[in-house]
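Worksheet: one structure, shown below.
Keep in mind that this is a model prediction, so the values were computed, not measured. Below, chains carry the letters A, B, ... as their sequence lines are ordered, and counting in each starts from 1.
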Protein chains: 2
Amino acid sequence: MRQSSLHVPVSRRDRPAKAPLSRAAIVETGLDLLVAGGLANLSLRRIATALDTGSASLYVYVENLSHLQALMLDAAYGEIAYRPDLPPGERVGAALRSLRDVLLRRRGLAQIAAGTMPEGEKSLRLNEFLLDGLLEAGVPAERAAWGIDLLVLQVTAKAAELTAWREPGDVIARCERAYAGAPAETYPRLSQLHDLIFAGPGASRFDWALQVLIRGIADTPLPSRLDSSEHTAAPQQ
Amino acid sequence: MRQSSLHVPVSRRDRPAKAPLSRAAIVETGLDLLVAGGLANLSLRRIATALDTGSASLYVYVENLSHLQALMLDAAYGEIAYRPDLPPGERVGAALRSLRDVLLRRRGLAQIAAGTMPEGEKSLRLNEFLLDGLLEAGVPAERAAWGIDLLVLQVTAKAAELTAWREPGDVIARCERAYAGAPAETYPRLSQLHDLIFAGPGASRFDWALQVLIRGIADTPLPSRLDSSEHTAAPQQ
DNA sequence: ACCTGAACACCGTTCAAGT
DNA sequence: ACCTGAACACCGTTCAAGT
């Protein structure tokens, strides 16, 4: 460890004092690992390596891996674009398309979203915006209140499905072949409608799904006990 | 290893020749581990231990863990109860409720379903039945063809959400508190409708969600290029 | 208070070697 | 063809020890 007289000093300027650890730095590094290699690339050890420390050090800022994932998710939710300038009828769809884009921007984020409780305030913000949009568009309050859950769930699940199927290369093609190969005697409907089932670009299917949900939410009364009732909370399950 | 003269022989009858390994035995053991401890309890090494062998031996019958999970899912799909005796309008809902029950029967199965391509024939069976039910109920063919995807996705996602939130004890309560504590100035709609958002037992919310989707599917026309068009497949995305 | 190295108890997967 | 043990390259998490 003694410094030899031949030692050429190397400035530490280009890699100066390590950036101090922080929750924000950990979250951001986690998100970077996600875009680099998806959920399989995300681990506390890799984050620690990227931050030039050991994994044990992270536990000062983060309770555990799943807590970190919740923080990462909330950070990503902050990127959702809200368009209150749009007419009420379009606000909901626009916000949900933005949510989808955010979830697809980093591979694996949608899978995290599918299994993680939306704890953070960014999730409150999204739900507030959706609820307001539905109400402004004339959807009865109790249907809007139950409906936002369906909307977020559908978008999250669709995004998760897309990322899961994207990985192994030709899974979608394999699925389509499975449907194409379904014998017409056993699966008459599937073979009859095969072209229809797989028709259309993903974007228009997504938009159609949103329309289906919004229209269904607007038109479907709650079970009689709850519909148009006073604000007395019904018994929880 | 020499047998001492005092050795009392122990019959091998009660643990006779190991049951021969087989794909079915592996799948079943995997499902058992799921009910015992959820997804966290499922590993190739544990399955191997339960079958009295080493994890390497499983690779004769199964490509890898995710392939095994797909097989487990398909086996579970086999437990879905179909009621073709019901009137067409009720068949779809009944099958989807049964799907939910199957996914909730083993903890973690819904999470597998949320991330796994439905490859097996049992999934074809489900889709065939749903498609037929919608058509018999008078839903236009192209809407039914796109709609079954939404229905299965919603049920799967809801089941996955339920199992994910069930684990850590009081996550749901924590979420409800987060919503209850949302300041009325920032989140006027959420505070205003708080009671409504959390009202009602899970079962009636699930049924309502199905009604929303089915009604929306029946009433929402596809983008004009595809609706009521000939069976020419549109360009894939 | 924050960071570190080393350890603990796990993973999926591969591979040479046995039968 | 099927099974095995051992190894490889990883995990999350804990903990005593350092500063």
Side-chain angles (χ1 to χ4, degrees), chain A residues 1 12 15-27 29-34 36-73 107-108 111-112 115-116 164 167-169, chain B residues 1 12 15-34 36-73 107-108 111-112 115-117 164 167-169:
Chain A
M1 274 303 167
R12 269 136 170 102
R15 219 216 209 230
K18 298 195 246 179
L21 244 40
S22 70
R23 176 175 280 195
I26 293 170
V27 167
T29 308
L31 289 172
D32 289 347
L33 287 178
L34 232 41
L39 201 51
N41 198 41
L42 179 75
S43 77
L44 289 174
R45 289 178 115 109
R46 275 162 144 97
I47 291 175
T49 304
L51 291 171
D52 210 356
T53 181
S55 55
S57 306
L58 306 181
Y59 284 83
V60 179
Y61 304 95
V62 144
E63 287 172 36
N64 51 41
L65 177 62
S66 89
H67 177 225
L68 168 61
Q69 289 178 338
L71 295 173
M72 288 168 57
L73 189 62
R107 260 181 307 161
Q111 275 114 312
I112 293 176
T116 307
E167 308 249 332
Chain B
M1 274 306 168
R12 267 132 170 108
R15 216 212 212 242
K18 298 195 250 182
L21 244 40
S22 70
R23 175 174 282 194
I26 293 170
V27 167
E28 207 189 332
T29 307
L31 289 171
D32 289 347
L33 287 178
L34 232 41
L39 202 52
N41 197 40
L42 180 73
S43 77
L44 290 174
R45 288 177 115 109
R46 274 159 143 96
I47 291 176
T49 305
L51 290 172
D52 210 357
T53 182
S55 55
S57 306
L58 306 181
Y59 283 82
V60 178
Y61 303 95
V62 145
E63 286 172 35
N64 52 40
L65 178 62
S66 89
H67 177 224
L68 168 61
Q69 288 177 338
L71 294 173
M72 288 167 57
L73 190 62
R107 259 183 306 162
Q111 276 113 312
I112 293 176
T116 307
M117 180 78 216
E167 308 249 332

In whole Å, what is the span from the CG atom of Leu39(B) to the C1' atom of dC11(C)?
13 Å

Just how far is it from atom CG of Leu42(A) to atom CG of Leu31(A), taken to the nearest 0.5 Å?
8.5 Å

Under 4.0 Å protein heavy-atom contact, by nucleotide of nucleotides 12-19 of chain C - B base, S sugar-phosphate only:
BBBB----

Secondary structure of DNA chain D in dot-bracket form (Watson-Crick or G-U wobble, distances below 3.5 Å, | marking inter-strand pairs)
||.|||||...|||||.||

Atom C1', compared across dC3(C) and dA16(D): separation rounded to whole Å:
13 Å

Between Tyr59(B) and Leu44(B), what is the shortest heavy-atom contact and its length?
OH-CD1, 3.4 Å

Nearest-Å distance, CG (Leu58(A)) to C1' (dG5(C))?
14 Å

Looking only at atom P, what distance separates dA9(C) and dC10(D), rounded to whole Å?
22 Å

Below 4.0 Å: OP1/OP2 of dC3(C) and any side-chain N or O of Thr53(A)
no

Check: Ser55(B) main-chain N/O paired with Arg45(B) side-chain donor or acceptor under 3.5 Å:
no

Note: Ile112(B) and Met72(B) closest approach over all heavy atoms is CD1-CE, 4.4 Å

Worked check of side-chain contact (heavy atoms from CB on, under 4.5 Å) between Leu39(A) and Leu34(A)
CA-CA 6 Å; Leu39(A) 201 51; Leu34(A) 232 41; 4.2 Å; yes

Just to confirm, is there a sub-4.0 Å distance from OP1 or OP2 of dC3(D) to any side-chain nitrogen or oxygen of Tyr61(B)?
yes

Name of the residue among Thr49(A), Leu58(A), Leu51(A) meeting side-chain contact (heavy atoms from CB on, under 4.5 Å) with Thr29(A):
Leu51(A)

Does the side-chain contact (heavy atoms from CB on, under 4.5 Å) test come out yes or no for Ile26(B) and Leu71(B), once each step is laid out?
CA-CA 10 Å; Ile26(B) 293 170; Leu71(B) 294 173; over 6 Å; no

